[in-house]
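Notes to accompany the following structure.
Remember, it's 1-based here, ligands and their atoms both numbered in the order they're listed. FYI, side chains are in, hydrogens and waters are out, and symmetry mates aren't considered; it's all heavy atoms of this structure.
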Amino acid sequence: MHIHRLEKIWLVFGCVMLAVFLVIIGISAFASGNQPPSDATLIDPTQVDQTKPFDKPGLKKIDDNRYEAVMVSQAFQFTPQDMVIKKGATVDFLVTSKDVVHGFEIVKTNVNMMVVPGHINSIEYTFKKAGDYLIVCNEYCGSGHHMMSTKIKVVE
Ligand code: CUA
């Protein structure tokens with residue numbers, strides 16, 4: 001079979017680019033520890049207030065540099081409001097919804113997930129800079145959607 005020289009060049013170029021993309025994904029997943037949000041754990045959305053750990057939503061300190069934020073979304077607020085953590089700490093966010101699909105975006109970071117009722121949606125993030133971080137709902141969830149937010153204060 002005869003393959004034209006230009007086609008050969010494009011075939012090699014395509015294969016090399018595929019390899020480059022796979023290497024980049026591998027490095028970001030394994031070396032940088034990037035991972036997509038998980039929603040593998042299920043929960044009964046009508047029993048959120050009675051189901052651990054969502055019966056007591058809030059920020060828990062695991063150790064000096066690690067927190068767990070157990071959060072409930074409902075139209076049109078996040079619980080808890082206004083968390084304070086130390087700079088450099090990693091927070092494991094566990095978020096669920098009591099009603100409809102909400103969003104969970106920490107503004108100016110790459111944290112952005114859908115909060116799906118019936119699922120425990122989780123993601124972790126390390127706060128390397130001090131300051132106020134706004135968390136907003138970015139999925140339209142009703143008439144009060146634009147007011148649905150909370151805040152994390154990262155202190156030195
Ligand atoms: Cu909740 Cu928009």
Side-chain angles (χ1 to χ4, degrees), residues 17-156:
M17 288 316 286
L18 181 63
V20 167
F21 289 144
L22 290 175
V23 166
I24 289 172
I25 290 172
I27 289 172
S28 90
F30 295 104
S32 314
N34 292 338
Q35 47 182 293
S38 161
D39 66 353
T41 316
L42 300 179
I43 183 172
D44 180 348
T46 62
Q47 299 291 317
V48 169
D49 288 337
Q50 290 83 43
T51 309
K52 276 187 177 173
F54 296 98
D55 54 340
K56 288 190 190 114
L59 187 69
K60 284 167 206 143
K61 198 165 181 174
I62 308 291
D63 63 38
D64 245 13
N65 257 321
R66 193 143 202 130
Y67 296 83
E68 185 179 73
V70 176
M71 301 183 68
V72 176
S73 320
Q74 67 190 108
F76 301 99
Q77 65 168 357
F78 292 104
T79 312
Q81 287 283 314
D82 300 336
M83 296 170 276
V84 181
I85 63 162
K86 272 208 296 197
K87 186 177 126 181
T90 300
V91 182
D92 298 312
F93 293 95
L94 297 177
V95 194
T96 195
S97 167
K98 282 165 84 168
D99 40 38
V100 296
V101 172
H102 295 280
F104 183 93
E105 178 185 354
I106 307 180
V107 176
K108 292 182 182 168
T109 72
N110 62 356
V111 175
N112 186 358
M113 66 177 169
M114 269 171 105
V115 182
V116 184
H119 295 257
I120 297 174
N121 308 273
S122 62
I123 195 165
E124 64 165 58
Y125 186 72
T126 303
F127 291 87
K128 292 180 180 138
K129 284 189 199 144
D132 285 350
Y133 289 78
L134 183 67
I135 298 175
V136 295
C137 174
N138 60 7
E139 294 282 340
Y140 184 73
C141 52
S143 59
H145 161 71
H146 61 285
M147 297 183 305
M148 187 167 169
S149 68
T150 184
K151 218 170 56 184
I152 293 190
K153 198 180 188 68
V154 179
V155 295
E156 295 282 347

Practice problem: Apply salt bridge (charged side-chain N to carboxylate O under 4.0 Å, His left out) to R66 and E124, showing your working. | Solution: CA-CA 10 Å; R66 193 143 202 130; E124 64 165 58; 2.9 Å; yes
Quiz item: Which is it for E105 and N138 under the side chain to side chain donor-acceptor pair (under 3.5 Å) test, yes or no, and what are the steps along the way?
Solution: CA-CA 7 Å; E105 178 185 354; N138 60 7; 3.0 Å; yes
Self-check item: atom 2 (Cu) of ligand 1 contact by C141, N, O or S atom under 2.8 Å
Solution: yes
Quiz item: Would one find an N, O or S atom of H146, in either backbone or side chain, under 2.8 Å from atom 2 (Cu) of ligand 1?
Solution: no
Quiz prompt | Side chain proximity check, F54 to L94, heavy atoms < 4.5 angstrom | solution = yes
Quiz item: Rounded to 10°, how many degrees is the angle SG/C137-atom 2 (Cu) of ligand 1-O/E139?
Solution: 90°
Self-check item: Verdict with supporting geometry, D82 and K153, salt bridge (charged side-chain N to carboxylate O under 4.0 Å, His left out)
Solution: CA-CA 7 Å; D82 300 336; K153 198 180 188 68; over 6 Å; no
Quiz item: Looking at atom 1 (Cu) of ligand 1, which N/O/S atom of H102 is the nearest one?
Solution: ND1
Quiz prompt | Contact flag H145/atom 1 (Cu) of ligand 1, N/O/S atoms, threshold under 2.8 Å | solution = no
Practice problem: Measure from atom 1 (Cu) of ligand 1 to each N, O or S atom of Y140 and report whether any distance is below 2.8 Å. | Solution: no
Quiz prompt | Within 6.0 angstrom of K60 NZ, more than 12 heavy atoms from elsewhere | solution = yes
